Amino acid sequence: MNPPDRATARCLPVVEDDETIGRHLDTGLRGNGYAPTRSRTGSGALAEAARSVHDVLLLDLGLPDMDGLDVARTLRARFPDLLIVILTARTDDIDVIAGLDAGADDYLVKPFSLLLARLRAHMRRRTITSPPREPIRLGDLVVDVTARRCTLHEHEVRLRPKEFELPAVLARHAGEAVSRETLMAEVWDENWFGSTKTLDVTMAALRRRLTGPVAQPYRVPRVTTLRGHGYRLELP
Ligand code: CA
């Protein structure tokens, strides 16, 4: 790969208090076209995130001043469009699920051999400039892929980045079975292998939003789970 051009390097906040891991990340990211800015504390991370608009932020969970989950929650509330990728040494399911529930979009278990590939996949999805497409109507729910808006009878439904991409993919195949592998590949990473927990958690969050009190009076599509295969979006 050619050395990255500093002027076009993509600013990437990294929140990591461990010096060895932090340096390793800095070097790896700089060599691959990113301009990482490192914070060593949760409060530093919140300040850095507010300094300018970022696409993605990498977040360690074990920080000296705050619980990383609280940092994720605060970032999610303040920056709905920020992709939050948790860097964790914790591999227990419960921690990963807690991280995703706190608002993260993806997680990577240290030592991050997949980090660069996953980041490229996230970035590619962000920078795809596709021609404008007609909004998809599903009963009273409208998914406008071009504007990245989801509305329910004129009311905007606030969705996190991956919660938006899930119905956008399912809607393109409304009424058809879509496999877990297809969803992981289209919404997260085309080279996905391994756990698909992140899909389950994101789907659960999406369902809560589509069945909550706000949605009650309207005709909304239902997502049916197909055991051992995937999901199907049912038109209302
Ligand atoms: Ca740490």
Side-chain angles (χ1 to χ4, degrees), residues 4 9-123 125-126 160-163 184 187-189 191-202 204-205:
R10 192 187 281 267
C11 183
L12 178 72
V14 176
V15 190
E16 173 61 76
D17 63 318
D18 183 286
E19 277 310 312
T20 308
I21 296 172
R23 267 201 306 275
H24 174 74
L25 278 170
D26 274 359
T27 310
L29 290 167
R30 272 179 215 290
N32 282 277
Y34 298 95
T37 54
R38 186 140 66 94
S39 310
R40 289 164 178 80
T41 59
S43 50
L46 297 177
E48 175 59 31
R51 216 170 48 82
S52 64
V53 177
H54 303 288
D55 290 321
V56 182
L57 176 144
L58 305 183
L59 176 66
D60 176 33
L61 286 181
L63 296 169
D65 62 332
M66 290 172 73
D67 186 323
L69 294 178
D70 289 331
V71 178
R73 252 177 234 114
T74 306
L75 286 170
R76 175 53 61 223
R78 291 185 190 166
F79 312 102
D81 294 330
L82 177 68
L83 269 164
I84 303 171
V85 178
I86 285 181
L87 303 174
T88 182
R90 311 178 192 180
T91 53
D92 293 346
D93 290 0
I94 192 78
D95 289 319
V96 168
I97 289 169
L100 295 168
D101 275 345
D105 296 287
D106 200 359
Y107 66 95
L108 289 166
V109 178
K110 296 174 185 182
F112 324 127
S113 46
L114 290 174
L115 175 69
L116 290 167
R118 294 274 279 280
L119 271 181
R120 275 196 298 275
H122 282 305
M123 293 302 189
R125 213 156 274 120
R126 287 257 142 159
R160 285 154 38 186
K162 298 300 178 191
E163 290 168 15
M184 287 309 298
V187 177
W188 277 272
D189 182 348
N191 299 313
W192 181 266
F193 62 92
S195 166
T196 55
K197 267 194 290 294
T198 183
L199 170 60
D200 297 314
V201 174
T202 306

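Since the model is a prediction, treat every value here as computed from it, not as a measurement. Counting starts at 1 for both ligands and their atoms, in listed order.
- Judged as a side chain to side chain donor-acceptor pair (under 3.5 Å), and not counting sequence neighbours, Arg78 has no contacts.
- Counting only distances under 3.0 Å, and ignoring water, the protein N, O or S atoms around the Ca ion (ligand 1) are Asp17 OD1, Asp60 OD2, Gly62 O.
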Test log, rule side chain to side chain donor-acceptor pair (under 3.5 Å), inputs Ser39 and Glu48: CA-CA 7 Å; Ser39 310; Glu48 175 59 31; 5.3 Å; no
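- Ion pairing of Arg76 with Asp101 is absent here, as no side-chain N (NZ or NE/NH1/NH2) approaches a carboxylate O to less than 4.0 Å.
- A donor-acceptor pair is defined here as one N or O able to donate and one able to accept, closer than 3.5 Å; such a pair exists between the side chain of Asp105 and the backbone of Ile84.
- Side chain of Asp65 to backbone of Ser43: a donor-acceptor contact under 3.5 angstrom is found.
- Side-chain atoms of Lys162 never come within 3.5 Å of backbone atoms of Trp188 as a donor-acceptor pair (strictly under, hydrogens ignored).
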